[in-house]
Structure formats: C-alpha cells, structure tokens
Amino acid sequence: MVDRLKSLLAPPLFSTEEDNRIAGILNAILLTLLTASIVLTVIMVLFGNNLIAMALFVITLIISGCFLLMRGGYLRSAGIVVLLSLLLLVVFILVEGEGVHDLGILVLPIIIIIAGLILNTRMFAIITGLVVLSVGFVIMLEVNGYVERAVFTRESKGLEFVIFTIVLTITAVTIHLLTQNLKENLARARKSEAQWRSLVKNAPDRIAYLQQDGTIDFLNTVMDEPEAGVIGRTIYDYTLPAYHEVVRTAIAQVLTTGKPTSYEAIGITRFGTQDWYDNRLGPVKQNGSIVRLVMIATNISKRREMEIALEAEREFAQRIIHNMGQGLTITDENGRFIYVNPAYTQMTGYTADSLMGKTPYDIAPNSARTELHTQQITRQQGETSAYASTIQHVDGHILHVLITGVPRWQDDKFMGSIAVITDLTEQMEAEIERERLIAELESQNAELERFTYTVSHDLKSPLITIRGFLGVLRQDLESGDEAGVQTAVHHINNAAKTMENLLHDLLELSRVGRIISPPEATPFASIVADALWRVSGQSKAKKAQITVAETLPLVVVDRPRITEVMQNLLDNALKYTPEQREPLIEIGTTERAGETLFFVRDHGQGIPAAYQEKIFGLFERLDVSVEGSGIGLALAKRIIEVHNGRLWVESEGIGQGSTFYFTLPLAAAQDEATAS
Ligand code: ADP
C-alpha cells in the first residue's frame with residue numbers, strides 16, 4: 001500500500017538526465033501545489049469565499065490534469081499549463097480581492113522561480129513577461145476602478161496567517177528545490193571534473209590542445225607543472241625537424257577538411273629524449289568553426305623496435321629460403337600454393353606465378369597422388385611427415401624427391417603446410433645405375449663361370465681328338481701307312497682349327513664392352529653391304545635370295561662391330577635354313593611404338609618360343625648338327641647392348657622362320673640428344 005503510494009507519488013522516468021531532473025522538480029511542485037490548493041479550497045469554503053473556493057477547485061483539477069500530463073510524457077507542456085493556470089488564478093484572485101495589494105500577489109515570484117527551474121530560457125522569459133503584464137493588467141483595472149479599493153483593517157486576520165503560511169511553504173519548497181538542484185549540479189560537475197582530470201592526467205597518451213599555428217595551450221603530462229615551460233611553445237619544438245613538414249601538412253589538413261587525421265613522427269620530450277609517436281590530430285569546434293586542435297600522441301617506439309626486429313628476422317628467413325638448395329613451398333588450408341622458392345621453380349620448371357593457386361596434385365604424376373592425399377590428411381591432423389615421392393617436371397620428366405611436410409596452425413585452425421622438397425633424382429639414378437652395374441657384373445660373373453666350365457669342356461674335345469689321332473699318327477708312322485698319316489694329320493689339323501676358332505670367338509667376346517671404337521654416323525646400307533660381302537661365299541653356295549630394303553637410315557655406331565653383328569645374323573639365317581631349301585632372307589627396318597627396328601628375317605627352321613631367350617646365352621645351341629660355337633648371338637647381343645640397343649628374336653615356332661630385331665642409335669635421334 002505504502003509502496004504503491006510511493007510509486008504513485010514518485011516522478012516518472014525519462015530517457016535523458018535533464019528530463020529526469022525537471023520531472024523531479026515538477027513532481028515536487030505539483031504535489032505541493034495540489035496539497036496547497038486543496039487546503040486553500042477547504043479554507044475558502046470555511047470562510048464563505050465561495051467564488052475563490054471555486055477557482056481554487058478548478059486549479060486543483062488543472063494541477064491533477066497536469067500531473068497526468070506529466071506522467072503521460074508531456075513534461076514541459078504540463079509545466080507550462082500549470083504555470084499559466086497559476087498565473088490566471090492569481091490574476092483572478094487579485095481582481096476579485098484587493099488588487100495588487102492582495103496577498104495573492106506573493107504567488108507571482110513563485111511562478112517565476114518555478115518557470116526558471118523547469119523551462120528553457122525562452123519560455124522562462126515569456127512566462128516572466130506574462131507575469132509582469134498581468135501585474136500591469138491588474139493595476140490598470142484598479143486605476144480604472146474595476147477593482148474594489150482595498151480596505152485595510154490594520155489588524156491581521158487568521159485567514160491572512162494561513163495564506164501567508166501556505167505561500168511561504170510553497171516558496172520554501174521551491175527555494176529548497178532550487179538550492180538542492182544547484183548543489184547536485186555542482187557536486188556532479190565536480191565529480192565529473194575530477195574524473196576527467198584524473199583520466200587525462202593518467203592517460204598513457206600525450207593529450208594536447210594546440211592553436212592553429214601549433215602553439216601548445218594544454219598538455220596533460222604537465223597539467224600540474226606550469227613551471228615545465230611547455231605551454232606556449234609549439235609542437236614543432238617537440239618534433240624532430242625532419243618531420244616538421246609532416247606536422248604542418250597534418251594541421252593544414254585538419255583545418256581545411258575539419259576532419260581528424262594522423263601521422264607518425266619522431267618526437268622530442270622536454271627532457272631531450274626521442275621516441276616514435278603515432279599522433280592523431282582532430283579539430284575542436286565552437287559554433288561551427290575550428291578554434292583549436294586536439295592532439296593525442298601514443299608512444300610507439302617499442303612497437304617500432306619490434307617491427308624493425310621482425311622485419312630483420314623476416315628478411316633473414318627470406319634470404320635463407322630464397323637461397324636454399326632445397327625446394328620450399330607454402331600452401332594454404334585448401335592445399336593451394338601461396339609461396340614457392342626459386343629452388344622449387346628450378347626443380348619443377350614451372351614459374352612461381354604459374355604455380356600460385358595450383359595444388360601439388362596438379363603437378364604430381366598419377367602414381368604419386370594417393371600418397372600426397374594421405375600425407376595431406378596426416379598434416380591436417382597436426383603431424384609432420386617425411387616421405388619419398390615423385391613430382392613431374394613441366395617438360396614431363398619425373399623427379400624423385402623427399403618431401404618433409406610441416407602443418408601450419410593459427411588459433412587451433414589448420415592453415416596449410418610448409419614443405420621442404422629434396423631432389424633425389426640424381427642419387428636415385430646413381431642408385432639405379434649402381435644396381436644395373438651390379439646386375440651386369442653378376443651376370444658377367446655367372447657367364448664367366450659358365451664360360452670357364454664350357455671352355456674347359458669344349459676345348460677338351462678337340463684336345464682329346466688331337467691326342468687320339470697323335471696315337472694313330474705314331475702307329476701309322478711306325479707302320480709306314482702314308483694314307484693313314486695323311487688322315488690323322490687332317491683330323492689333328494681340323495681339331496686344332498676348331499680350337500683356334502673357339503679361342504678366337506672367346507677373345508672376341510671378352511673384348512666386347514671393353515674395346516669399342518668411337519661411334520660414327522654410318523649409313524646402315526653400307527654396313528649391310530659389308531656383311532653381305534663377308535657371307536657371299538656361303539650365300540652363293542646355298543643359292544640364297546637376299547632382299548635389302550631400299551632406304552635404310554643413318555646410324556651412329558662402332559661400324560666394325562655392327563658389321564660383325566649383321567654378319568652373324570646373316571650367317572645364322574643361312575645356316576639354319578634346311579639344306580633342301582634355298583634360303584630366303586630379308587633385311588630392312590620397321591616402325592613400332594615410335595621406334596625404328598632393324599630386322600633380319602629368314603624363312604628357315606624357326607625357334608620355339610621356349611628357346612627364344614635362351615639362344616642369346618653363351619654356348620646355347622639348339623641344333624648341334626650344324627657347325628657352330630654358340631657364341632655368335634651372345635656376342636651380337638652384347639655389341640647391341642653396348643650401343644644402348646636391344647636384340648631379340650620373334651618366331652612362330654618350328655619351320656616358321658625367324659626374325660631377329662634390334663635397335664640402334666639413329667643419326668637424327670643422336671642429333672636431338674646432343675642438342676638437348
Ligand atoms: P652357333 O650358330 O654358333 O651355334 P649362335 O649363338 O649364333 O651359335 O646361335 C645359337 C643358337 O641359336 C644356334 O645354335 C641355333 O640353334 C639358334 N639359331 C640362331 N640363329 C637361328 C636362325 N636364324 N634360325 C633358327 N635357329 C637359329
């Protein structure tokens with residue numbers, strides 16, 4: 001109940017502090033007036049002054065209305081209405097009563113005080129004017145006899161005391177409100193002043209007011225030290241001369257645009273030390289024109305030092321990255337390149353610009369993609385990884401690399417990776433070459449073993465023959481069998497020849513790979529002609545038909561060796577055509593998978609698939625009925641391989657003929673290789 005009454009009597013709340021202040025005052029005044037008017041109405045009724053009582057009653061109603069008006073938010077309107085009503089009431093009371101001599105005139109100053117408290121200057125002047133006019137109006141009525149002359153009885157009545165009491169009470173309340181208001185405002189201003197002073201004085205920045213020519217009017221750091229001698233000097237006295245122009249431009253800019261600006265400069269303190277400052281300069285306006293400038297300067301020396309240190313560090317790191325021999329790439333969270341160092345562009349053949357926005361997948365060979373993806377996931381999980389992979393050079397060739405990937409993080413968020421790429425191609429190639437050499441050595445060793453075994457075995461048989469026929473020779477000599485001696489000598493001679501051939505072939509074989517004449521560009525046709533000439537004896541005897549392709553390329557080879565190969569293949573083609581048939585031999589080239597293949601084709605006995613590899617082994621022979629050593633093809637293969645070529649046979653099998661294919665460096669291809 002009390003609470004409700006309290007809240008009913010409390011002033012309503014407004015959004016601004018000024019409105020709340022006025023509402024507080026108006027509320028108190030309205031309550032006082034309401035009480036007073038009710039009391040006065042009752043008193044007037046008791047004293048039989050019904051007309052005044054009626055007027056007071058009307059005023060009571062109006063005050064109540066104003067009360068509601070104020071609560072409805074019409075603060076100033078309520079104030080004006082109540083003041084005008086009071087003024088009308090007073091005029092009415094004066095006219096009805098004793099003119100300007102009536103006690104009611106005491107209310108007029110109260111109206112003026114209230115107006116001063118709650119209205120703005122203009123309305124206050126209007127109300128004051130109206131009060132003065134009202135007094136004039138009453139006096140005019142009085143002079144013209146419209147107001148009854150006051151009759152003073154010399155003795156005061158009880159009613160006068162009551163009216164005085166009420167009027168004085170209202171005056172007291174109003175004055176109290178006035179002083180209260182003044183005190184509150186003063187306290188608030190002092191508090192606010194103290195707060196601002198402390199804030200400005202203790203601000204970490206330098207805050208200054210400058211005149212338009214840069215003269216310092218105020219500086220927070222010396223606000224309590226007038227003896228510091230800063231005030232009155234100019235901002236230029238505290239700025240390194242190199243930056244005076246910057247300051248001048250900034251001041252001019254603020255003055256012309258009316259907008260704040262900022263600049264960085266080296267400032268000099270009043271103690272002579274120098275520091276970097278970030279200065280914000282803004283206008284201070286009064287009535288729309290700039291009267292001063294406010295400057296807030298923050299010491300940024302530490303930041304500057306850090307920036308310089310960071311920049312030096314960044315440059316240092318960049319120099320290392322730029323000049324390191326290994327490739328370095330930085331990718332974003334989507335795996336796209338945002339930086340590649342020169343070593344990487346050199347390694348891959350791509351320009352840095354062309355790689356930006358691409359991902360490592362875009363330039364990886366298919367075979368490396370799955371691994372790249374797996375490694376990317378590993379890094380997204382925060383792990384560093386090192387793995388062997390391949391990348392494809394812009395010209396298509398594959399590089400073997402070792403990649404070390406490190407994830408980049410920022411606030412727990414995966415930002416991409418940094419990868420260091422080491423080119424292992426040379427090492428890998430050296431490794432492959434080493435392995436090839438080892439394999440070659442091993443196969444040569446194996447061959448040597450077989451060779452030693454077979455040589456001792458094969459050399460044995462002519463030796464046995466020789467030894468056998470030496471016995472026969474001795475007997476024939478003893479018995480004087482001339483014919484027998486001839487036969488024995490012939491057999492011994494043959495056996496010795498076989499041994500000689502065998503030893504010759506073996507010597508040849510041992511030389512291949514070691515002794516090779518410098519390759520020279522030679523028309524393959526001339527090699528064919530040489531070889532054909534060498535086998536012309538057998539081919540004529542066998543009535544062989546040999547066709548040679550009309551155009552044959554220029555090859556870069558050790559000519560005598562390749563002639564030997566051709567001689568060997570032709571020899572075999574003639575040898576392994578059954579006696580009853582006339583050998584049919586073709587020599588030429590064909591293109592297969594972009595490669596030129598040389599071939600020697602016969603229509604002879606053919607070679608079963610199972611032996612097509614074997615016959616190239618040392619002493620491997622299929623047909624022992626035909627004379628031979630089993631060294632020819634092994635030798636031919638070795639010679640071709642020394643020329644970086646391949647030699648193999650294709651045959652549909654027994655009776656189907658054979659085609660021996662081989663490759664050789666061509667003169668044109670050699671040129672290209674040299675050019676590149
Ligand atoms: P050789 O001819 O001295 O026996 P090769 O190394 O030249 O030794 O040949 C090895 C074996 O390969 C031969 O013994 C023979 O069985 C088989 N061969 C070689 N050329 C042909 C050919 N053109 N047709 C059928 N078989 C062949």
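Atoms within a ligand are numbered from 1 in the order they appear, just like the ligands themselves. In this text the structure is predicted, and so the values were computed from the model without any measurement.
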(message) With a cutoff of 4.0 Å, is Phe660 in contact with ligand 1, counting heavy atoms of the residue only?
(response) yes
(request) Could you establish whether Gly604 and ligand 1 come within less than 4.0 Å of each other, counting only heavy atoms on the residue side? (result) no
(request) Check each atom of ligand 1 against the heavy atoms of Asp602 and keep those under 4.0 Å away; list them by number with element. (result) 22 (C), 23 (N)
(message) Looking at every non-hydrogen atom in both residues, tell me the closest pair between Thr589 and Pro553 and how far apart they are.
(response) CG2-CD, 3.8 Å
(request) Tell me which part of Asp571 gets within contact of ligand 1: side chain, backbone, both or neither, using heavy atoms under 4.0 Å. (result) neither
(message) Give me the nearest non-hydrogen protein atom to atom 13 (C) of ligand 1 as residue plus atom name, then the distance to 0.1 Å.
(response) Tyr576 OH, 3.2 Å
(message) Please check whether Ala634 reaches ligand 1 - meaning an N/O of the residue sits under 3.5 Å from an N/O of the ligand, judged on distance alone.
(response) no
(message) With respect to Gln605, determine whether any N or O atom, backbone or side chain, lies less than 3.5 Å from an N or O atom of ligand 1.
(response) no
(request) Scan Val535, Leu574, Val600 and name whichever one has a side-chain contact (heavy atoms from CB on, under 4.5 Å) with Leu569. (result) Val600
(message) For the 3.5 Å polar cut-off, considering only N or O atoms, please tell me whether Gly606 and ligand 1 meet it.
(response) no
(request) For Glu579, look at atom CD and say whether over 12 heavy atoms of other residues, nucleotides or ligands are found less than 6.0 Å away. (result) no
(message) Could you check whether any heavy atom of Asn568 sits closer than 4.0 Å to an atom of ligand 1, since that is the contact criterion I want to use?
(response) yes
(message) Give me the residue, atom name and distance of the protein heavy atom closest to atom 3 (O) of ligand 1.
(response) Ser629 N, 2.7 Å
(message) Among all the protein's non-hydrogen atoms, which is closest to atom 7 (O) of ligand 1, and how far away is it?
(response) Asn572 ND2, 2.9 Å
(message) Tell me whether Glu595 is salt-bridged to Arg592, with the criterion being a basic N under 4.0 Å from an acidic carboxylate O.
(response) no
(message) Using a 4.0 Å cutoff against the non-hydrogen atoms of Gly630, which atoms of ligand 1 qualify?
(response) 1 (P), 3 (O), 4 (O), 6 (O), 8 (O)
(message) To check your reading of the model: name the closest protein heavy atom to atom 6 (O) of ligand 1, its residue, and the distance in Å.
(response) Leu633 N, 2.8 Å
(message) Which heavy atom of Asn568 sits nearest to which heavy atom of Leu633, and what is that distance?
(response) OD1-N, 4.2 Å
